[in-house]
Structure formats: structure tokens, C-alpha cells
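What follows is one structure encoded as C-alpha cells, with my remarks underneath.
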Amino acid sequence: MDRLETVRAFVFQAYASIQDDALRHLAIAHAAECAAIAALLADRYGENEELAYICGLCHDYYRFAYNGVKEHAQKGALLIRKKLAESGHFKESEITMIETGIRHHSEKTKRHDRFSQIIKCADALSQSMQEGNTENLTKLIAFYLP
């Protein structure tokens, strides 16, 4: 199993066990949307598409897999760091990049490195689309990635 398949497996296995149908659907849809959007933005802004996809897939892992909203970005970043390291598929620099993107994704008003901004933007775009608010997508991208 390659590294992308490994990450997909642990994320979606955890989400498949969510008992509440609406929450399970939200978790799966949000992870898939964020991953796809992050990869597209990474391509557009010269960042690693695969790592952006993986980060988008994992950014809310703690929130959904552990039903933890409080400090989910920080706790999730540490948990994903551990899972990626244990997989043996990632370099330390790649793990750090993904961990940093997850850690910063909820700090919407602060500026961080471009990779973290991509993850924040992907998260915000997915949330807007889920809410049916597609009118300001271009403004969201401009806000996070000027």
C-alpha cells in the first residue's frame, strides 16, 4: 500500500465508524473536499500537491475521529504526526509540513507559510460550499492567498 492509500485508509476507516449518519457524511465529504481543493490550490501556488491533499484529508481528523472540537487543530497535528511517522512512508520534513498545516488551519485571521494558508483556504472553501454559499469563493481565495 502506498502512502496516499495508507492515509486514506486510516482516515476513512475512522470516519466510517461514526455512529451519527449526518456527522459521518459531513466528515467524509469535508475531508474529501478539502483534500481535492488543497491539491488544486497547491498546484496553482507551487506547493506539493500530494502533501496538500494528505493534509486536507487529515486536517479535521481529531475533530471527527475523536469527537474533539476543543483544540482539535493542535491535538490533531500531534496525532497525525505520530500516525505518519509510524507509517514509514514520509520524510521528517514532509511530516513537519503536514503537521504545521493542520496546526494552523483553524487560525483563520493569522498569516502563516503558504502551505498552511492553502490548507486554511481549502477548509474555508469547503465550509462555504457545504453551507451553500458559493458567491464569495473568489474573495475567500484572495483573502487567504493574495
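Atoms considered below: every heavy atom in the structure, side chains included; atoms not considered: hydrogens, waters and symmetry mates.
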When clusters are formed by joining ILVMFWY residues with side-chain heavy atoms under 4.5 Å apart, either directly or through shared neighbours, do Phe12 and Leu4 land in the same one? yes

Could you state whether Leu145 and Phe143 fall into the same hydrophobic cluster, counting links through intermediate Ile, Leu, Val, Met, Phe, Trp or Tyr residues with side-chain heavy atoms under 4.5 angstrom apart? yes

Got a second to check how far Phe10's CZ is from Cys58's SG, nearest 0.5 Å? 4.5 Å

Which atom names give the shortest non-hydrogen contact between Ile102 and Ala73, and what distance separates them? O-CB, 3.4 Å

If you look at every heavy atom in Val11 and Leu57, which pair is closest and at what distance? CG1-O, 3.9 Å

For Arg103, all residues meeting side chain to side chain donor-acceptor pair (under 3.5 Å), sequence neighbours excluded: Glu99

Rounded to the nearest 0.5 angstrom, the CZ-CD1 distance for Phe90 and Ile95 is 7.5 Å

Evaluate the criterion salt bridge (Lys or Arg N to Asp or Glu O under 4.0 Å) for residue pair Glu94 and Arg3; output intermediate values, then yes/no. CA-CA 12 Å; Glu94 294 171 326; Arg3 63 197 207 160; 2.8 Å; yes

Same cluster (ILVMFWY, side-chain, under 4.5 Å), Leu23 and Ile28: yes

Heavy-atom nearest pair, Gly76 first then Tyr62, reads CA-CB, 3.5 Å

Which distance, rounded to the nearest 0.5 Å, do you find between the CG of Asn133 and the OG of Ser128? 5.0 Å

Between Ala124 and Leu140, what is the shortest heavy-atom contact and its length? O-CD1, 3.9 Å

To the nearest 0.5 Å, what is the distance between CD1 on Ile98 and CG on Leu84? 5.0 Å

Take Arg24 and Gln19 through the test side chain to side chain contact (heavy atoms under 4.5 Å, CB included) and record every step on the way to the result. CA-CA 7 Å; Arg24 183 176 58 255; Gln19 297 299 309; 5.8 Å; no

Where do Ile119 and Ala52 come nearest, in terms of heavy atoms and distance? CD1-O, 3.9 Å

Which atom pairs, donor and acceptor, lie under 3.5 Å between side-chain atoms of residues 39-48 and protein residues at least two apart or in another chain?
unit_1 : atom_1 : unit_2 : atom_2 : d
Asn48  : OD1    : Glu50  : N      : 3.0
Asn48  : OD1    : Leu51  : N      : 2.8

Going by the rule salt bridge (charged side-chain N to carboxylate O under 4.0 Å, His left out), which residues pair with Glu131 if we only count those two or more places apart in sequence or in a different chain? none

For the ring pair His59 and His30, is the centre-to-centre distance below 6.0 Å? yes

Any chance you could measure Cys34, atom SG, to Met129, atom CE, to the nearest 0.5 Å? 8.0 Å

Taking the side chain as every heavy atom from C-beta outward, state whether Lys91 and Met97 have any atom pair closer than 4.5 Å. no

His104 side chain near Lys110 side chain, heavy-atom distance below 4.5 Å: no

Write out all pairs satisfying side chain to side chain donor-acceptor pair (under 3.5 Å) with one or both partners inside residues 63-75, taking only residues at least two apart or from two chains. Asp60-Arg63, Asp60-His72, His72-His105

Ala27 and Ile18: which non-hydrogen atoms are nearest, and at how many Å? CB-CD1, 3.9 Å

Donor-acceptor pair, Thr100 side chain versus Thr96 backbone, under 3.5 Å? yes

Quick note, side chain to side chain donor-acceptor pair (under 3.5 Å) partners involving residues 8-17, not counting sequence neighbours, are Arg8-Tyr53

Name all pairs fulfilling the salt bridge (charged side-chain N to carboxylate O under 4.0 Å, His left out) condition that reach into residues 111-128, sequence neighbours left out, sorted by first residue then second. Lys108-Asp123

Tell me whether Ser126 contacts the main-chain N or O of Ala122 through its side chain, where contact means a donor paired with an acceptor under 3.5 Å. no

